[in-house]
There are 2 protein chains.
Amino acid sequence: MEEIHGDVSKEICMKSLDAVKDALYAVNGKWKLPIIIALSEGPRRFKELQRALDDITPKMLSKELKEMELNEFITRTVYDTTPVTVEYALTPYSGSLKEVILSLRDWGIEHKKHLQSKCRERKKPAHAQVAAKVEVA
Amino acid sequence: MEEIHGDVSKEICMKSLDAVKDALYAVNGKWKLPIIIALSEGPRRFKELQRALDDITPKMLSKELKEMELNEFITRTVYDTTPVTVEYALTPYSGSLKEVILSLRDWGIEHKKHLQSKCRERKKPAHAQVAAKVEVA
DNA sequence: GATACCGGTATCCTACGGGATACTGCTATC
DNA sequence: GATAGCAGTATCCCGTAGGATACCGGTATC
């Protein structure tokens with residue numbers, strides 16, 4: 001155990017815990033990332049989103065969209081057509097998520113590799129090796 | 001809507017979604033971060049951890065430690081003393097989390113500031129302004 | 001001999017995330 | 001007049017995360 005990790009959390013520390021939790025909360029839930037991905041190709045209407053998201057129930061979609069609007073990741077625009085048109089779009093501010101999401105993605109990719117290499121070390125096939133929900137297929 | 005966010009998720013894309021989810025999973029749950037923080041000051045025994053973590057129930061502690069051991073964030077070492085001593089310690093590999101956690105923390109801090117400035121814009125005191133669980137105190 | 005500490009496990013229970021289904025008011029089309 | 005689309009809301013239901021409590025076998029202490 002070298003000192004590599006010795007201060008991982010001196011820097012994180014209790015005071016930063018809340019900030020990390022806030023960030024995690026903003027991006028978790030089953031649908032927030034998929035919604036961001038869907039909207040990244042341009043504004044979408046409610047039903048369009050619903051169809052794009054493998055038929056998410058309207059309740060969940062509505063709830064997630066409201067939260068994301070509060071967090072200013074998206075805007076909700078009502079056009080006074082008949083029938084009314086409601087369009088959701090990413091805000092410029094949502095771009096601030098890019099860095100942190102890419103960071104998560106990169107770590108996730110490396111982590112999967114890491115677990116796979118550990119699997120190969122033990123020659124045992126060990127039917128369905130899984131480490132804490134990351135499927136090492 | 002400038003193009004700032006236009007490709008936020010071209011890069012993330014569906015193929016990366018799983019990696020992001022894996023990363024989120026590895027670090028969420030109520031206790032994983034606190035455990036990492038506690039262990040960052042050095043190896044700890046089971047009961048020491050339990051006391052350090054505001055009396056987390058042994059069931060939860062045991063479960064979280066097992067998951068973290070599978071993910072190779074920590075090691076579990078049994079010393080053959082009487083009574084037996086079990087020591088948990090961070091692995092060097094756990095240091096790989098540092099970058100991603102700091103990224104989350106930084107974004108969380110900026111996000112809180114962002115929401116606070118939005119609160120000030122609208123002069124309304126709006127008793128207990130909260131945006132999607134981030135308390136803007 | 002009774003109590004306390006250690007490292008957990010087992011059992012029960014609740015709260016919340018999230019899904020299924022049904023329904024609303026309005027309009028346009030057949 | 002019936003059906004279908006839009007943008008949701010309301011109600012019920014279930015599975016899991018996580019807490020409370022009790023308990024185990026072992027040793028050391030009073």
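Computed from a predicted structure; not experimentally measured. Chain letters run A, B, ... following the sequence lines, proteins first, then strands; residues in each count from 1.
Both A:Gly29 and B:Glu48 sit near DNA chain C, but only B:Glu48 has its closest nucleotide nearer the 5' end. With DNA chain C read from its 5' end, the first of the two nearest nucleotides for A:Asp55 and B:Arg76 is the one closest to B:Arg76.
Regarding B:Asp54, its CG atom lies at a distance of 13 Å from the C1' atom of D:dG19, rounded to whole Å. Atom OH in B:Tyr25 sits about 6 Å away from atom P in D:dA17, given to the nearest Å. The nearest whole Å value for the distance from the CE atom in B:Met60 to the C1' atom in C:dT14 is 14 Å. Nucleotide C:dA20 holds its C1' atom 9 Å from the NZ atom of A:Lys59, rounded to whole Å. The CZ atom of A:Phe46 sits 18 Å away from the P atom of C:dG25 (whole-angstrom rounding). Computed from coordinates, the A:Tyr79 OH to D:dC6 P distance equals 17 Å when rounded to whole Å. In this structure, CZ of A:Arg44 is placed 17 Å from C1' of D:dA7, rounded to the nearest angstrom. Taking atom CG on A:Leu61 and atom C1' on C:dG17, their separation rounds to 16 Å, with Å as the unit.
Of the candidates C:dG18, C:dG7, D:dA7, C:dG18 carries the atom nearest the A:Lys30 side chain, counting heavy atoms from C-beta on. When each of C:dG18, D:dA20, D:dG8 is scored by its nearest atom to the side-chain atoms of B:Thr57, the top-ranked nucleotide is D:dA20. Which of C:dC6, D:dA10, C:dG7 sits closest to the side chain of B:Arg51 comes down to C:dC6. Ranking D:dG8, C:dG7, C:dA28 by closeness to the A:Thr82 side chain, first place goes to C:dA28. Across D:dA7, C:dA20, C:dG8, the shortest atom-to-atom separation from the side chain of B:Tyr88 is found for C:dG8. Each of D:dG8, C:dG7, D:dC6 was ranked by its minimum atom distance to the side chain of A:Arg45; first place goes to D:dC6.
Closest approach of B:Arg105 and A:Ala19 over heavy atoms only: O-CB, 3.7 Å.
Not a single donor-acceptor contact under 3.5 angstrom links the side-chain atoms of B:Lys63 to the base of D:dG18.
Hydrophobic clustering (side-chain heavy atoms under 4.5 Å, transitive across Ile, Leu, Val, Met, Phe, Trp, Tyr) groups B:Leu24 together with B:Ile101. Side-chain heavy atoms closer than 4.5 Å link hydrophobic residues (I, L, V, M, F, W, Y) into clusters, and following such links, possibly through other members, connects B:Leu17 to B:Val100.
Side chains of A:Arg76 and A:Tyr88: a donor on one and an acceptor on the other come within 3.5 Å.
The six-membered or imidazole ring of A:Tyr25 lies away from that of B:His111, with a centre-to-centre distance of 6.0 Å or more.
Side-chain nitrogen and oxygen atoms of B:Ser62 include at least one within less than 4.0 Å of the OP1 or OP2 phosphate oxygen of C:dT9. For A:Lys66 and D:dT9, the shortest distance from a side-chain N or O to OP1 or OP2 is below 4.0 Å.
Residue-level contact check: B:Pro58 touches the bases, meaning some heavy atom is under 4.0 Å from a base atom.
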